[in-house]
Amino acid sequence: MNKLSNTFDIGIEQSFDFLSPEYAGLFDRSAATAFQHPIWLHSLYARLASHAGAAPLVVVVRHRATGALAMVLPLLRIRRGPIRTVEFADLRVSDYLAPVCSPEVFSQLLDDSEACAQIRRLVRPFELLRMTKLPDSRLPIEDLLAASRRVSMDTNAYATVLVAPFEQWRASALDRSYQKELAKKYRQLQKKGALSFSCCNDSASVLETMEVMKRFRGPRFQAQGDGDLLQRPEYFGFYSDVALRGLGSFVRLYAMKMDGEVIAAVLGLCHRDSFLVIMSAFDIDGYKSQSLGALMFEQVARDCIERGDQMLDFTIGDEPYKKLFGGQPSPMWAVTQVGSPAGAVALFALNQAPWLKLAAKRLADLRLPPARTPTPTR
């Protein structure tokens, strides 16, 4: 390791072990999110990075006096055409990104100019450094990397505060007419057969439910034109690996069944008294008028409350159903830094992309009939 700071040893550890006890301890003391959990990052680097042509760039900071971990910055180097980028370890699966560090140690690092300079040298070279999906009120990564001021993204995250008992939460979070509508549809659903709701508790049920999710999501997302990650073997392997490794602790996979067959599923992460929804799937063709998604999330909220969870986090995305369940918006932020003239051109193109997408959407709206009311999806 290079020893330039008087307080910290800083270097790159390409083969850093995210399943090690020392990282688990750092994560527990940190202000990181569920998407920096040991299982999540281990599987991301092991299963997705090489398929995406991404090289690990794991910045590791240790206390010089003891050798103990002080911070881990899980990054990737990715070449996008001629543009060399440095990004958080995301690869389209992580909703919240943050350094793995306690606020106190992060403040010490910011006060150590030599440490900051060393970290900035290690992440170069790049045409473009891009950090998106930064949650509100988190560690100011832009100060550490001398990047420009963070800017708000064009999307929010949504979460609803849970209170016990379930009936009290439902009365406060859901509109009265919506409560009646869901109750009616739940009764209708019960009349169709033997209805059950449970959390998968063994590897066989996890794998069965993951396969059903893959089958339900494929046609739906293909019809929307953006495809579905679960249809790609490396991503299906990633989510399945996370679900199996985290079963009973870090991950919950809920399944609703009709006569023993899965008709709806929700995959999510457990972190600090919150349940974070990351993926869902429903047999929409078989139950078109039953609002399976809404009924499933109502049951998920009930189970979370019974387990003592304080928050149901629907994560990033502005889907309308989230507000129906009392979800409150929280802004998401992005930080960028240009490292070359080519990076400046790439950043300009990225900044124009939302306008191009909006123009395309408006053109499509002129040609297409009104869209149906969305149902809960990832």
Side-chain angles (χ1 to χ4, degrees), residues 1-42 44-45 49 54-77 84-90 94 96-126 128-150 271-272 333-339:
M1 277 197 172
N2 298 311
K3 298 184 177 181
L4 300 180
S5 167
N6 292 324
T7 307
F8 300 101
D9 289 342
I10 306 167
I12 301 294
E13 296 187 20
Q14 304 284 48
S15 301
F16 182 82
D17 185 3
F18 286 98
L19 295 179
S20 65
E22 67 169 353
Y23 181 73
L26 175 68
F27 178 77
D28 288 342
R29 335 186 266 277
S30 76
T33 78
F35 298 98
Q36 289 77 55
H37 187 279
I39 291 175
W40 190 267
L41 286 181
H42 168 80
L44 189 152
Y45 278 103
L57 177 60
V58 185
V59 179
V60 177
V61 180
R62 298 181 182 273
H63 294 284
R64 175 170 296 182
T66 63
L69 276 180
M71 183 184 76
V72 171
L73 200 55
L75 307 176
L76 293 168
R77 291 192 188 278
R84 296 172 299 174
T85 67
V86 169
E87 305 172 5
F88 259 117
D90 174 9
S94 301
Y96 303 142
L97 302 172
V100 186
C101 186
S102 71
E104 296 76 19
V105 172
F106 195 83
S107 179
Q108 294 173 23
L109 278 167
L110 291 181
D111 290 337
D112 189 330
S113 59
E114 293 179 345
C116 290
Q118 176 68 349
I119 292 171
R120 294 163 191 168
R121 282 192 293 267
L122 288 174
V123 300
R124 291 182 176 274
F126 57 78
L128 187 64
L129 180 145
R130 192 161 179 253
M131 309 283 182
T132 59
K133 301 180 183 177
L134 303 175
D136 204 23
S137 303
R138 293 281 176 166
L139 304 180
I141 184 70
E142 62 270 33
D143 294 343
L144 186 70
L145 299 175
S148 58
R149 183 178 179 181
R150 63 177 57 194
H271 183 62
R272 294 180 180 166
W333 304 89
V335 167
T336 56
Q337 184 181 8
V338 170

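Hydrogens, waters and symmetry mates are skipped; everything else that's a heavy atom, side chains included, is used.
By the salt bridge (Lys or Arg N to Asp or Glu O under 4.0 Å) test, Arg77 is found to be paired with no residue, residues two or more places apart in sequence or in another chain being considered. For the side chain to side chain contact (heavy atoms under 4.5 Å, CB included) test, no residue two or more places apart in sequence or in another chain qualifies with Ser15. By the ring pair (Phe, Tyr, Trp, His ring centres under 6.0 Å) test, His271 pairs with Phe27, sequence neighbours left out. Applying the side chain to side chain contact (heavy atoms under 4.5 Å, CB included) criterion to Ala117, with sequence neighbours excluded, gives Arg121. In this view, Thr7 and Ser5, Asp112 satisfy the side chain to side chain contact (heavy atoms under 4.5 Å, CB included) rule, not counting sequence neighbours. Residues passing the ring pair (Phe, Tyr, Trp, His ring centres under 6.0 Å) test with Tyr45, sequence neighbours excluded: Phe18. Scored by the side chain to side chain donor-acceptor pair (under 3.5 Å) test, Ser30 finds no partners at all (sequence neighbours excluded). Taking the side chain to side chain contact (heavy atoms under 4.5 Å, CB included) definition, one finds that Glu104 meets it with Ser102, sequence neighbours left out.
In this structure, the side chains of Ser137 and Trp333 stay at 4.5 Å or more apart for every pair of heavy atoms. Here the side chains of Leu97 and Gln36 are in contact, with some heavy-atom distance below 4.5 Å. In this structure, Leu110 and Pro140 have side chains that are in contact, with non-hydrogen atoms separated by less than 4.5 Å. Between Ser94 and Leu44, the closest side-chain pair of non-hydrogen atoms falls below 4.5 Å. Using a 4.5 Å heavy-atom threshold, the side chains of Val105 and His63 count as touching. Here the side chains of Leu128 and Val338 are in contact, with some heavy-atom distance below 4.5 Å.
Applying the ring pair (Phe, Tyr, Trp, His ring centres under 6.0 Å) test to pairs two or more places apart or on separate chains, none has a residue in residues 99-118. Residue pairs meeting the side chain to side chain donor-acceptor pair (under 3.5 Å) criterion with at least one member in residues 16-25, sequence neighbours excluded, are Glu22-Arg62.
Considering CD of Glu87 and OG1 of Thr132, their distance stands at 7.5 Å, rounded to 0.5 Å. Rounding to the nearest 0.5 Å places CG of Leu69 at 7.0 Å from CZ of Arg29. For the atom pair CD (Glu114) and CG (Leu109), the distance works out to 12.5 Å, reported to the nearest 0.5 Å. Between the CD atom in Gln118 and the CD1 atom in Ile10 there is a gap of 5.5 Å [rounded to 0.5 Å]. Considering CE of Met131 and CG of Leu73, their distance stands at 6.0 Å, rounded to 0.5 Å. Here the CG-OH distance, from Leu134 to Tyr96, works out to 12.5 Å after rounding to the nearest 0.5 Å.
For the residue pair Leu19 and Pro38, the shortest heavy atom distance occurs at CD2-O, 3.9 Å. Between Leu122 and Gly11, the shortest heavy-atom contact is CD1-CA, 3.8 Å. For Arg272 against Ala32, the heavy-atom pair with the smallest separation is NH1-O, 3.9 Å. The shortest heavy-atom contact between Phe88 and Pro99 is CZ-N, 3.9 Å. Here the closest non-hydrogen pair linking Leu76 and Ala49 is CD2-CB, 4.3 Å. Among all heavy-atom pairs drawn from Met71 and Ile119, the shortest one is CE-CD1, 4.0 Å.
Other residues, nucleotides and ligands contribute only 12 or fewer heavy atoms inside 6.0 Å of the CZ atom of Arg149.
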(request) Assess whether side chain to side chain contact (heavy atoms under 4.5 Å, CB included) is satisfied between Phe126 and Thr85, documenting all intermediate values. (result) CA-CA 5 Å; Phe126 57 78; Thr85 67; over 6 Å; no
(request) Quick one: do Gln337 and Arg124 satisfy side chain to side chain contact (heavy atoms under 4.5 Å, CB included)? Show the steps, please. (result) CA-CA 11 Å; Gln337 184 181 8; Arg124 291 182 176 274; 3.3 Å; yes
Distance-only criterion, 3.5 Å: show the donor-acceptor pairs between side-chain atoms of residues 141-148 and protein atoms not counting sequence neighbours.
residue: Glu142; atom: OE1; partner: Arg150; partner atom: NE; Å: 3.4
residue: Glu142; atom: OE1; partner: Arg150; partner atom: NH2; Å: 3.0
residue: Glu142; atom: OE2; partner: Arg150; partner atom: NE; Å: 2.9
residue: Ser148; atom: OG; partner: Thr336; partner atom: O; Å: 2.9

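Formation of a donor-acceptor pair under 3.5 Å by the His37 side chain with backbone atoms of Ile39 is found in this model.
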